[in-house]
Protein chains: 2
Amino acid sequence: MGVTKRFIYSDHINDIANIAKVFAHPARVAILKYISEQEGCICNDLVDEIGLSQATISQHLSVIGDSGLLKGRFEGKKKCYCLNLERFEEFQILLNSFFNKAASSCC
Amino acid sequence: MGVTKRFIYSDHINDIANIAKVFAHPARVAILKYISEQEGCICNDLVDEIGLSQATISQHLSVIGDSGLLKGRFEGKKKCYCLNLERFEEFQILLNSFFNKAASSCC
DNA sequence: TCGTAATATTGCAATATTACGATAATAAAA
DNA sequence: TTTTATTATCGTAATATTGCAATATTACGA
């Protein structure tokens with residue numbers, strides 16, 4: 001046991017959960033916040049900014065990247081990470097579609 | 001190791017991550033969806049509906065409940081769970097405030 | 001080519017999460 | 001009181017996640 005039984009849920013439900021998982025760790029929220037606030041490119045300022053090891057930041061970046069939320073581009077030895085705004089908006093729309101369907105409560 | 005270092009992040013960031021964590025498992029998304037669609041009270045229809053054991057559903061319900069998203073009330077032996085809409089809207093506002101601050105990308 | 005800076009990957013220890021059977025607790029019904 | 005239905009909790013096994021040191025990789029500059 002201990003394995004999430006993804007196959008028993010609809011794609012839509014798994015999508016929501018997968019999106020939420022990206023934001024479900026404060027380091028990843030902090031990374032996304034910082035990247036978007038800079039509205040420009042950054043690299044491993046994140047290590048200084050956030051205070052986790054380089055290995056850990058890199059790992060979180062790859063989790064965020066796997067979700068499609070990042071555009072990355074090497075500029076010499078530095079890598080420039082930026083938000084993929086289109087994907088970011090998709091996330092927002094999906095989450096809001098979930099929230100907006102909530103009906104009234106009974107208790 | 002293995003412990004999330006919550007103390008290095010701002011409250012706001014931890015809040016976002018904690019909210020996201022509730023939605024970060026498909027069972028919890030499915031539970032919230034079902035509860036809100038019924039727009040009424042349900043109990044362990046969830047066990048039949050979702051297909052996890054009663055113990056597991058109850059555990060997920062308590063995670064959702066800890067976040068303040070549920071109102072529960074016993075009616076005889078059955079417990080009626082409903083969405084706490086105020087809290088649900090708070091969640092939506094917090095998440096959107098995060099999304100809406102995203103600036104333009106550079107890559 | 002060699003050294004250095006920036007990032008990614010690997011391996012591992014610590015901790016957290018998920019799932020379930022068994023059991024407890026509670027309240028209605030028999 | 002005993003049984004039954006419903007939900008919660010405990011204990012535990014399996015798996016996932018987090019974080020870091022060490023190492024690899026990549027690209028630039030000397």
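Letters A, B, ... are given to chains in the order of the sequence lines, protein chains preceding strands, and every chain is numbered from 1.
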side-chain hydrogen bond (donor to acceptor under 3.5 Å, both in side chains) between B:Gln38 and B:Asp45, worked out
CA-CA 11 Å; B:Gln38 299 312 105; B:Asp45 309 338; over 6 Å; no
Start with the C-alpha distance between A:Asn44 and A:Gln54, add both sets of side-chain angles, then the distance that settles side chain to side chain contact (heavy atoms under 4.5 Å, CB included), and finish with yes or no.
CA-CA 8 Å; A:Asn44 256 19; A:Gln54 184 268 322; 3.2 Å; yes
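Judged by distance alone, with hydrogens and angles left aside, the side-chain atoms of B:Ser58 form no donor-acceptor pair with the main-chain N or O of B:Ala55 at under 3.5 Å.
One can place CG of A:Asp66 at 10 Å from P of C:dT9, the figure rounded to the nearest angstrom. Rounding to whole angstrom units, CG of residue A:Asp45 and P of C:dT7 are separated by 8 Å. The nearest whole Å value for the distance from the NZ atom in B:Lys77 to the P atom in C:dA27 is 12 Å. Counting to the nearest Å, the C1' atom of C:dA8 and the CG atom of A:Leu70 are 15 Å from each other. Taking atom CG of residue B:Leu61 and atom P of nucleotide C:dT18, one finds them 13 Å apart after rounding to whole Å. In this structure, CG of B:Asn44 is placed 13 Å from P of D:dT9, rounded to the nearest angstrom. Here D:dC28 presents its P atom at 15 Å from NZ of A:Lys79, a figure rounded to the nearest Å. Taking atom CZ of residue A:Arg73 and atom P of nucleotide C:dT7, one finds them 14 Å apart after rounding to whole Å.
When ring centroids are compared, A:Phe99 and B:Phe91 stay outside the 6.0 Å threshold.
The side chain of A:Val3 sits closest to D:dT15 out of D:dT15, D:dG19, D:dT7. In this structure, the nucleotide among C:dA6, C:dT18, D:dA5 sitting nearest to the side chain of B:His60 is C:dT18. Looking at the side chain of A:Lys21, the nearest of the listed nucleotides D:dT4, D:dG19, D:dT17 is D:dT17. The B:Ala55 side chain lies nearest to C:dA22 when the options are C:dA8, C:dA22, D:dA5.
Applying the 3.5 Å distance criterion, the base of C:dA19 shares a donor-acceptor pair with the side chain of B:Gln59. With hydrogens and angles ignored, a donor-acceptor pair closer than 3.5 Å exists between the side chain of B:Gln54 and the base of D:dA8.
The existence of a salt bridge linking A:Arg73 and A:Glu75 is confirmed by a sub-4.0 Å separation between a basic side-chain nitrogen and an acidic carboxylate oxygen.
Using the Watson-Crick or G-U wobble rule with both distances under 3.5 Å, D:dT2 pairs with C:dA29. D:dT18 is paired with C:dA13 under the Watson-Crick or G-U wobble criterion, all donor-acceptor distances under 3.5 Å. The partner of C:dT23 is D:dA8, by the rule that a Watson-Crick or G-U pair needs both atom distances under 3.5 Å. When Watson-Crick and G-U wobble pairs are counted only if both distances are under 3.5 Å, D:dA27 pairs with C:dT4.
In this structure, A:Lys78 does not reach the D:dC28 phosphate: none of its side-chain N or O atoms is under 4.0 Å from OP1 or OP2. Between B:His25 and C:dA19 there is a side-chain polar atom (N or O) within less than 4.0 angstrom of OP1 or OP2. Taking side-chain N and O atoms only, B:Lys5 has a distance below 4.0 Å to OP1 or OP2 of D:dC20. A sub-4.0 Å separation between OP1 or OP2 of D:dG19 and a side-chain N or O of A:Thr56 is absent. Contact annotation: A:Tyr81 reaches the phosphate of C:dA8 (side-chain N/O to OP1 or OP2, under 4.0 Å).
Among the protein residues, B:Thr4 comes within range of the sugar-phosphate backbone only, with heavy atoms under 4.0 Å from sugar or phosphate atoms but none that close to a base. Residue contacts shown for A:Arg6 are absent, as no nucleic acid heavy atom lies under 4.0 Å away. Counting non-hydrogen atoms under 4.0 angstrom, A:Ile57 reaches nothing in the nucleic acid.
Between A:Tyr9 and B:His25, the ring planes are perpendicular. Angles over 60° get that label, and only those under 30° would be called parallel.
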